[in-house]
Protein chains: 2
Amino acid sequence: MFVRTPAELGAVLRDRRKKLKLDQSTFAKRIGVSRQWVIEVEHGHARAELGLILRALDALDIRLDASTEQTPARGVTRPAVDINAIVAKARKKKA
Amino acid sequence: MFVRTPAELGAVLRDRRKKLKLDQSTFAKRIGVSRQWVIEVEHGHARAELGLILRALDALDIRLDASTEQTPARGVTRPAVDINAIVAKARKKKA
DNA sequence: TAGAAATGTCGGCGCTCGATGACATTCGAG
DNA sequence: CTCGAATGTCATCGAGCGCCGACATTTCTA
C-alpha cells in the first residue's frame with residue numbers, strides 16, 4: 001500500500017488497528033497519545049506530528065519504505081539530463 | 001530504505017534533494033514551506049506536520065510504502081491464534 | 001430490549017509549530 | 001584572497017496541535 005495523503009495513512013492505521021482487535025483507547029495509551037488524537041489521525045488529520053505518526057505505525061508493526069522509483073504516470077520531475085544547464089541558468093537569473 | 005524515525009526521514013529527504021541538485025530555498029518554495037522548515041526537518045524535527053512531509057516526499061518523487069510484513073527481530077505482536085479468548089478475558093477482567 | 005462498549009463531538013487551555021527577516025558560518029569559484 | 005551562494009542560527013509572533021473531561025451517537029453483546 002502506497003501512502004500519498006494523510007487520509008490514506010489514516011485508513012491504513014485504522015485498518016491495521018482493527019485487524020489487531022485494538023480499540024482507540026488502548027491504542028492511544030500504547031503509543032502515548034490521547035484518544036482524540038487517534039480519532040483525528042484516522043480521519044486523515046493533515047497536521048499531525050510526524051513523530052507520533054511514526055510511533056503509531058511502529059506500534060502496529062507497519063513498516064514504512066521510502067523508495068525513489070518512478071511512478072510513470074506522475075511524470076513531474078523528469079529532467080534527467082541537463083541539470084547543469086538549469087543550474088547555470090538559475091545562477092544567472094539571480095532568482 | 002526503511003523509515004522508523006524522523007531523523008531517518010530527514011536524511012532521506014536531504015540525500016534526495018541533493019541528488020536532484022536543489023538548494024533548500026528552491027526546495028522550500030516548491031513545496032510551499034519556509035527554508036527554516038526544510039532545515040529543521042532535514043535535521044530530524046520530530047514534530048513536523050504530516051501533510052508537509054508528504055508534500056516534500058512527493059516533490060522529490062519519493063514513494064512511501066506501508067507494509068505489514070514482520071521484522072522477525074521485533075516480534076512484539078505475535079498472538080495469531082486465540083484473540084477471542086484474550087478479548088473474553090479482558091471483558092471479564094474489566095480492566 | 002436494555003445496557004455497555006466503542007466511537008465521535010464539543011469547549012477550553014498551554015505549548016510549540018511554522019513563517020519572517022536578519023545575521024553568522026561554511027564552502028566553492030574566480 | 002575575495003566574493004557570493006548555501007546552510008545554519010536567533011528572536012518574535014499568530015495560529016493550531018494535542019490534551020483533558022464530559023457528553024452524544026453508533027454498534028455490539030447478553
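Lettering of chains follows the sequences in order, A, B, ..., and the numbering in each one begins at 1. Model, not experiment: these values are computed from the prediction. Side chains included, hydrogens not; waters and symmetry mates left out as well; all remaining heavy atoms used.
Rounded to whole angstrom, the span from the NZ atom of Lys18(B) across to the P atom of dA6(D) amounts to 12 Å. If you measure from atom CG of Leu22(A) to atom C1' of dA5(C), you get 15 Å, rounded to the nearest angstrom. We find that NZ of Lys29(A) is positioned 13 Å from P of dC19(D), with the value rounded to whole Å. Atom CZ in Phe27(B) sits roughly 19 Å away from atom C1' in dA5(D) (whole-Å rounding). One interatomic measurement links the two molecules: CD of Gln24(B) to C1' of dT20(C), which rounds to 16 Å at whole-angstrom precision.
Within the structure, a side-chain polar atom (N or O) of Arg14(A) is placed less than 4.0 Å from OP1 or OP2 of dG8(C).
Counting heavy atoms from C-beta on, the side chains of Ile62(B) and Val12(B) come closer than 4.5 Å. The closest side-chain heavy-atom distance from Val38(A) to Arg14(A) is not below 4.5 Å. Contact annotation: the side chain of Phe27(A) approaches that of Leu60(A) to within less than 4.5 Å [non-hydrogen atoms, C-beta and beyond].
Listed by chain and residue number, nothing satisfies the side chain to side chain donor-acceptor pair (under 3.5 Å) test with Thr5(A) (two or more places apart in sequence, or in another chain). Residues satisfying the side-chain contact (heavy atoms from CB on, under 4.5 Å) criterion with Ile53(B), sequence neighbours excluded, are Leu50(A), Leu9(B), Trp37(B), Val41(B), Ala48(B), Leu57(B). Taking Glu49(B) as the reference, Arg47(A) meet the salt bridge (charged side-chain N to carboxylate O under 4.0 Å, His left out) condition, with sequence neighbours excluded. For Ser67(B), the side-chain contact (heavy atoms from CB on, under 4.5 Å) partners are Arg63(A), Glu69(B), not counting sequence neighbours.
Among Gln36(B), Glu42(B), Lys29(B), the single residue meeting the side-chain contact (heavy atoms from CB on, under 4.5 Å) criterion with Gln24(B) is Glu42(B).
Inter-axis angle, ends of the helix from dT1(C)-dA30(D) to dG30(C)-dC1(D), five pairs per end, rounded to 10 degrees: 60°.
Residues from residues 35-51 of chain B placing a heavy atom under 4.0 Å of any atom in DNA chain C, listed by number, are Gln36(B), Trp37(B), His45(B), Arg47(B), Ala48(B), Glu49(B).
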